[in-house]
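Each ligand, and each atom within it, is numbered from 1 in the order the structure gives. Along the sequence shown, residues are numbered consecutively beginning with 1.
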Amino acid sequence: MRINLPEKVLFIIKKLQQAGYDAYAVGGCVRDVVLGREPQDWDITTSAKPERVKEIFRRAGGGDSRMTCASEDEAPHGKGGFRLFSRCYTIDTGIQHGTVTVMLDHEGFEVTTYRIDGEYEDARHPKSVVFTADLLEDLKRRDFTINAMAYNDETGFVDAFDGLGDLERGVIRCVGKAEDRFGEDALRMLRAVRFAAQLGFELDPDTRAAITPLAGNLSKISAERIQTELVRLLTSPHPEEMRAVYETGMADVILPEFSRMMRTPQHNPHHCGSVGEHTIRSLSEVPQERVLRLTMLFHDVAKPDCITQDEDGIDHFHGHPKLGAEMTGRILRRLKFDNDTITRVKALVRAHDDRPLPLTERNVRRAIYRNGEAQYPDLFAVKRADILAQSDYFKKEKLEYLEEYERIYRVIQEKEECLSLKDLAVTGSDLIEAGLTPGPEIGRVLNLMLQEVLDEPELNRREILLGRYRGNLYGEDA
Ligand code: ATP
Ligand code: MG
């Protein structure tokens with residue numbers, strides 16, 4: 001089998017070969033091309049040491065960054081030839097680990113020297129890395145068989161662990177003994193499930209069985225690295241693999257709140273299955289977008305803490321959106337998410353169960369104000385996924401309600417009605433001009449005006465509102 005390497009990758013491999021070294025495309029990019037997926041990035045592995053790699057590509061640039069890097073006679077297949085690269089230089093990305101980034105016309109390629117990882121410390125990092133001339137040694141240190149293949153046009157595939165077979169069978173399997181590999185680097189356990197979720201693959205039984213006894217080691221992995229894998233899993237085509245994160249015991253370590261949801265049944269006709277099972281279903285029902293998936297993961301996170309049972313044995317979860325938003329904020333901070341993501345997810349969790357009733361334009365305007373304009377239209381996607389993941393009890397009615405809610409929202413949008421202070425026809429300076437002393441009183445009056453305008457949009461005219469102000473309609477006891 002042959003694969004089509006991009007021109008720049010061919011160029012880098014060719015340059016290294018001409019200097020007397022071996023070089024291959026390796027890892028995720030080889031896997032993705034075989035699967036017919038677009039690789040995120042192209043990694044190259046080579047027998048050349050980092051210093052040599054730097055030299056070769058410095059020379060390729062002729063010492064002058066504007067010089068060309070390749071000419072016709074260096075064409076990899078004898079005809080055609082390389083386009084001229086106007087800029088070529090290297091960056092020391094991880095020089096002590098053997099990685100140099102080769103930049104070709106603003107596109108970066110990581111070129112890493114064949115290496116053997118030394119003893120692992122703390123289930124996290126190798127103590128040292130040793131460079132080697134043996135490609136096989138480099139492939140052995142990689143996590144899964146499907147990620148441990150190398151390819152170049154001259155040799156074809158180097159596939160020592162039957163990665164191609166596992167791609168065919170749809171299996172995530174460790175290179176070597178799973179216990180050892182997970183013992184070296186605990187993050188690999190979460191990566192295994194992440195790849196299963198991205199590719200729709202199964203975990204090989206031995207690989208899966210090795211996780212539970214070692215799951216505790218995930219506590220030694222940095223929150224940032226956990227976050228990265230978790231987000232990739234959640235935004236994949238198979239977010240239901242969160243179930244495997246729970247079943248293997250990993251959730252107990254990285255997301256105990258999710259384990260609790262999995263262990264909380266819901267005796268309520270609107271639901272079928274535990275809080276966790278409902279959550280998993282809802283993940284698949286929402287578009288594959290980071291904030292939406294995170295929102296679904298946490299929308300019911302407080303249910304285990306809010307459970308009450310009525311005399312008929314029905315469970316209720318009063319107050320769970322509000323408490324859930326607070327918990328979500330704490331969890332996302334713990335996982336080192338950025339503030340913008342935290343704000344957005346919290347607001348959506350807080351609003352997920354909010355239902356304007358009856359559905360009138362006035363009530364929808366009030367809901368938009370209450371939940372924050374920024375939560376729309378995302379909130380509809382959240383609410384739809386929530387309903388679709390519930391039992392069939394009143395499902396049709398719930399969906400009809402949501403459709404009507406959205407329709408009214410669109411009408412309001414089209415009319416460009418005022419929904420927040422920034423759209424109010426009167427500003428703080430207007431009030432100062434009208435004689436109000438600067439201070440908290442201004443905010444109070446503006447808010448009263450906004451409440452009126454939400455009820456009656458036609459009042460949102462400067463002269464009307466200021467007229468009402470002068471008529472003392474917003475006095476202290478208003
Ligand atoms: P993606 O498409 O998500 O980037 P990837 O397979 O390229 O997936 P990377 O994290 O970019 O994953 O890593 C590149 C390659 O490095 C992997 O394919 C694998 O061969 C190796 N690798 C990455 N992380 C580990 C690890 N923790 N242990 C062993 N090998 C690893
Ligand atoms: Mg990658």
Side-chain angles (χ1 to χ4, degrees), residues 6 9 24-46 93-94 97-99 101 107-127 129 132 135-151 157-164 166-167 171-201 207 210-211 214 217-218 220-222 224-238 241 250 288 290:
V9 175
Y24 297 84
V26 71
C29 60
V30 177
R31 174 200 71 217
D32 286 343
V33 172
V34 174
L35 289 171
R37 296 159 58 100
E38 179 75 25
Q40 300 220 334
D41 38 39
W42 290 85
D43 295 327
I44 289 145
T45 188
T46 181
T93 310
H97 295 107
T99 303
T101 298
E107 199 180 346
F109 297 86
E110 289 198 353
V111 178
T112 305
T113 307
Y114 297 165
R115 63 174 220 222
I116 303 172
D117 291 338
E119 289 270 297
Y120 273 79
E121 290 179 319
D122 321 330
R124 258 189 312 183
H125 301 297
K127 251 191 249 165
V129 305
T132 167
L135 170 63
L136 207 63
E137 287 299 325
D138 182 86
L139 296 179
K140 264 194 219 164
R141 73 171 173 89
R142 294 174 183 272
D143 46 9
F144 306 109
T145 59
I146 60 167
N147 289 345
M149 296 182 283
Y151 175 91
F157 282 89
V158 180
D159 178 22
F161 312 104
D162 197 22
L164 287 172
D166 282 340
L167 278 183
V171 170
I172 306 295
R173 184 161 55 94
C174 283
V175 171
K177 268 187 86 180
E179 297 91 302
D180 298 346
R181 308 316 310 285
F182 291 154
E184 290 164 359
D185 178 358
L187 189 70
R188 290 175 187 155
M189 297 185 272
L190 191 56
R191 282 172 64 86
V193 178
R194 182 265 277 196
F195 284 117
Q198 284 184 324
L199 304 175
F201 281 20
T207 294
I211 296 180
L214 291 164
N217 284 345
L218 275 167
K220 298 174 192 167
I221 300 292
S222 75
E224 288 84 353
R225 293 175 82 204
I226 303 259
Q227 184 210 113
T228 304
E229 296 300 330
L230 195 63
V231 165
R232 286 174 175 176
L233 192 167
L234 285 172
T235 55
S236 75
H238 295 281
E241 289 291 346
M250 289 193 280
Q288 241 171 295
R290 203 171 76 106

Atom 11 (O) of ligand 1 within contact range, any protein heavy atom under 4.0 Å: no
Minimum-distance protein heavy atom relative to atom 14 (C) of ligand 1: Asp43 OD2, 3.9 Å
Proximal ligand 1 atoms for Gly27, defined as those under 4.0 Å from one of its heavy atoms: 18 (O)
Pick from Arg142, Arg124, His125, Arg232: the one approaching atom 21 (C) of ligand 1 most closely through a non-hydrogen atom: Arg142
Spacing of Ile221 atom CD1 and Gln227 atom CD [to the nearest 0.5 Å]: 14.5 Å
Test item: Ser236 and Arg194 side chains (from C-beta on) under 4.5 Å apart, heavy atoms: no
Option nearest atom 25 (C) of ligand 1 (shortest heavy-atom distance, choices Leu187, Asp143, Asp185, Ile221): Asp143
Distance in Å, Leu218 CG paired with Glu229 CD, rounded so as to fall on 0.5 Å steps: 10.5 Å
From the candidates Arg188, Arg31, Glu38, the one that places a heavy atom nearest atom 8 (O) of ligand 1: Arg31
Side chain Asp138, main chain Arg115, donor-acceptor under 3.5 Å: yes
Nitrogen or oxygen of Arg225 less than 3.5 angstrom from that of ligand 1: no
Sub-4.0 Å heavy-atom contact, Arg181 with ligand 1: no
Beyond-backbone contact of Arg181 with Val175, side-chain heavy atoms, under 4.5 angstrom: yes
Nitrogen or oxygen of Gln40 less than 3.5 angstrom from that of ligand 1: no
Distance (rounded to the nearest 0.5 Å) between Trp42 CH2 and Asp32 CG: 8.5 Å
Distance (rounded to the nearest 0.5 Å) between Arg191 CZ and Asp185 CG: 8.0 Å
Side-chain donor/acceptor of Arg290 to backbone N/O of Val231, under 3.5 Å: no
Distance-only N or O hit between ligand 1 and Ala148, under 3.5 Å: no
For atom 20 (O) of ligand 1, closest protein heavy-atom neighbour: Asn147 O, 2.8 Å
Proximity flag Glu184 to ligand 1, non-hydrogen atoms under 4.0 Å: no
Nearest protein heavy atom with distance in Å, relative to atom 7 (O) of ligand 1: Gly28 CA, 3.6 Å
Value rounded to 0.5 Å, distance of CG in Leu187 from CZ in Arg225: 4.5 Å
Between CD on residue Gln198 and CG on residue Leu233, distance to nearest 0.5 Å: 8.0 Å
Among Thr145, Ile146, Val34, side chain to side chain contact (heavy atoms under 4.5 Å, CB included) partner for Leu164: Val34
Minimum-distance protein heavy atom relative to atom 22 (N) of ligand 1: Arg191 NH2, 3.8 Å
Which of the ligand 1 atoms, numbered from 1, are nearer than 4.0 Å to a heavy atom of Phe195: 6 (O), 8 (O)
For Arg141, the ligand 1 atoms whose distance to one of its heavy atoms is below 4.0 Å: 29 (C), 30 (N)
Atom 3 (O) of ligand 1 - nearest protein heavy atom and its distance: Arg194 NH1, 2.7 Å
